[in-house]
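Have a look at the structure below, then the notes.
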Amino acid sequence: MTTGAQQTALGSTSARVTGQAAEQGGSAPRRDAGHDSRVLDPLLDIAGLNIALAEAVCLGSAFDREARTLCLELEVLRLPETRSGVTAEGRDGRVRLTLGGVGRVAASLRSQLWNHVDADILPLTPDTLDQAIKSFGGGRLHGWEFVDVDDSGWSLWRELLSFDAVLDAERPGAHVFEFSQEEGVDPRELDVRVWFDRLTVQDATGAELSPAHFVADGRRWWAAHDAGDPRAVRPGIAPPL
C-alpha cells in the first residue's frame with residue numbers, strides 16, 4: 001500500500017475517533033452486540049494501535065474459552081528506541097497480542113469462485129481458528145482499522161458465519177477487534193471479529209509492552225519508512241513516494 005493511501009486511511013481513522021469522542025463527551029453507551037457494539041474509550045489510543053498493527057503478518061492464534069482470551073501471534077512493523085535515544089536495528093518484530101475478557105468470537109471462512117454468485121461457507125470452530133490462520137501462510141492483516149471498528153465490514157459477512165461463539169450473552173465486551181485474511185490464487189477469505197475488554201502486548205521474549213510503547217514503536221517505524229530510512233525496508237511493503 002502506498003504512503004499516500006496509508007496517510008489518508010490513518011487520517012480518516014483519527015478524525016472519526018476524535019470527532020465521535022468529542023461529540024459524545026467521552027465513552028459511548030453500550031450498543032447491541034450484534035450490530036454496532038463499540039464503546040469509544042478515550043484512554044485507548046485506537047488510531048495509534050491501528051498504526052502499530054498496519055501491515056502486520058498474522059502467524060497464528062490461541063483461543064482459551066475458560067480464561068476468555070484470544071491471542072494473536074503477529075509480526076509487526078516496529079522500531080524500538082534504546083535508552084540512549086538511538087533507534088535500534090534488527091529487533092524482532094514478533095509480538096503476542098492478547099485480547100482479554102472475551103465475550104464473543106465470530107468468524108467466517110468462505111470460498112467463492114469468480115463465476116459463482118454465492119460463497120461456500122467452510123467449516124470452522126474457535127479451536128480450529130489457529131489452523132485456518134496458518135493455512136494462509138503468514139498473510140498480512142488487511143485494512144488499516146482493527147480496533148473498535150464500525151460495523152461496515154461486519155455487516156457484509158455476519159450472515160455468512162462459520163461459527164459464532166458467545167461466552168457472555170449479557171456483556172460480550174467493551175471493545176471489538178476485527179481482522180481478515182485473504183488469498184489471491186485460492187479464493188478463500190477469513191474474517192474474524194472479537195468482542196473483548198482489555199488488550200495486552202508481549203514482545204518475542206515474553207516481556208510485556210505497554211500500549212503506549214507498542215504504539216510509539218509502530219509510529220517510529222512508519223516515520224522511518226516515510227523518510228526512506230533503510231531500517232524500515234521490508235519485502236512486500238511499498239517504498240515511500
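Only a predicted model underlies this, so the values are computations on that prediction, with no experimental measurement involved. Throughout, numbering of the chain's residues begins at 1 and tracks the sequence.
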Using 0.5 Å steps for rounding, measure from the CG atom of Leu74 to the CG atom of Leu59. 7.0 Å
Does this structure show an ion pair linking Arg96 with Glu73, if we count only N-O contacts that are shorter than 4.0 Å? yes
Can you hop from Leu70 to Val57 via hydrophobic side chains spaced under 4.5 Å? no
Check: Val215 and Leu49 side chains under 4.5 Å, non-hydrogen atoms: yes
Main-chain N/O of Pro80 paired to His213 side chain as donor or acceptor, under 3.5 Å: no
Side chain to side chain donor-acceptor pair (under 3.5 Å) assessment of Ser152 paired with Asp150: CA-CA 6 Å; Ser152 58; Asp150 61 28; 2.7 Å; yes
Leu199 versus Leu99: any side-chain heavy-atom pair under 4.5 Å? yes
Decide yes or no on side-chain contact (heavy atoms from CB on, under 4.5 Å) for Phe214 and Leu53, but give the supporting numbers first. CA-CA 9 Å; Phe214 178 58; Leu53 293 167; 4.0 Å; yes
Check for a donor-acceptor pair, side chain of Ser162 on one end and backbone N or O of Leu122 on the other, with a separation under 3.5 Å. yes
Do Arg78 and Val95 make a side-chain contact, defined as non-hydrogen atoms from C-beta onward lying under 4.5 Å apart? yes
Applying salt bridge (charged side-chain N to carboxylate O under 4.0 Å, His left out) to Arg158 and Asp164, what does each step give before you reach the verdict? CA-CA 9 Å; Arg158 65 186 176 200; Asp164 189 1; over 6 Å; no
Looking only at non-hydrogen atoms, find the nearest pair between Trp157 and Ser108 and report the distance. CE3-CB, 3.5 Å
Begin from the C-alpha positions of Trp221 and Ile237 and carry the test side-chain contact (heavy atoms from CB on, under 4.5 Å) through to its verdict. CA-CA 12 Å; Trp221 192 94; Ile237 305 296; 4.1 Å; yes
If you look at every heavy atom in Ser61 and Leu72, which pair is closest and at what distance? CB-CD2, 3.8 Å
Is there a side-chain contact (heavy atoms from CB on, under 4.5 Å) between Val201 and Leu97 once you walk through the steps? CA-CA 5 Å; Val201 183; Leu97 178 74; 3.7 Å; yes
Not counting sequence neighbours, which residues clear side chain to side chain donor-acceptor pair (under 3.5 Å) with Arg68? List them please. none
Indicate yes or no: at least one non-hydrogen side-chain atom of Trp195 is less than 4.5 angstrom from one of Val166. no
Could you go through Leu124 and Leu129, starting from their C-alpha distance and side-chain angles, then the distance that decides it, and tell me whether this counts as side-chain contact (heavy atoms from CB on, under 4.5 Å)? CA-CA 7 Å; Leu124 186 65; Leu129 179 60; 4.2 Å; yes
Taking the side chain from Glu178 and the backbone from Val147, do they hold a donor-acceptor pair closer than 3.5 Å? no
Minimal heavy-atom distance between His225 and Pro240, with the atoms involved, is O-CG, 3.1 Å
Salt bridge present between Arg220 and Asp229 (N-O < 4.0 angstrom): no
Value rounded to 0.5 Å, distance of CD in Glu189 from NE2 in His142: 8.0 Å
Within the distance-only criterion (no hydrogens, no angle test), does the side chain of Asp148 pair as donor or acceptor with the backbone N or O of Val176 below 3.5 angstrom? yes
Nearest heavy-atom contact between Arg65 and Pro126 is NH2-CG, 4.1 Å
Compare all side-chain heavy atoms of Arg193 with those of Asp151 and state whether any distance is below 4.5 angstrom. yes
Among the clusters formed by ILVMFWY side chains lying less than 4.5 Å apart, do Phe136 and Val194 turn up in the same one? yes
How close do Ala174 and Asp197 get, counting heavy atoms only, and between which atoms? N-OD1, 2.9 Å
Hey, what do you get for CZ (Arg234) to CD (Glu75), rounding to the nearest 0.5 Å? 8.0 Å
Taking ring pair (Phe, Tyr, Trp, His ring centres under 6.0 Å) as the test, write out the residues that go with Phe196, two or more places apart. His175
State, to 0.1 Å, how close Arg219 and Ile51 come at their nearest heavy-atom pair, and which atoms those are. NH1-CD1, 3.3 Å
Could you tell me if the side chain of Asp191 sits less than 4.5 Å from the side chain of Trp154, heavy atoms only? no
Just how far is it from atom SG of Cys58 to atom CD1 of Ile133, taken to the nearest 0.5 Å? 4.5 Å
Joint hydrophobic cluster, Leu109 plus Phe163, side-chain heavy atoms closer than 4.5 Å: yes
Nearest 0.5 Å please: distance from the CG atom of Asp45 over to the CG atom of Asn50. 9.0 Å
Drop me the distance from Gln181's CD to Leu190's CG, to the nearest 0.5 angstrom. 6.5 Å
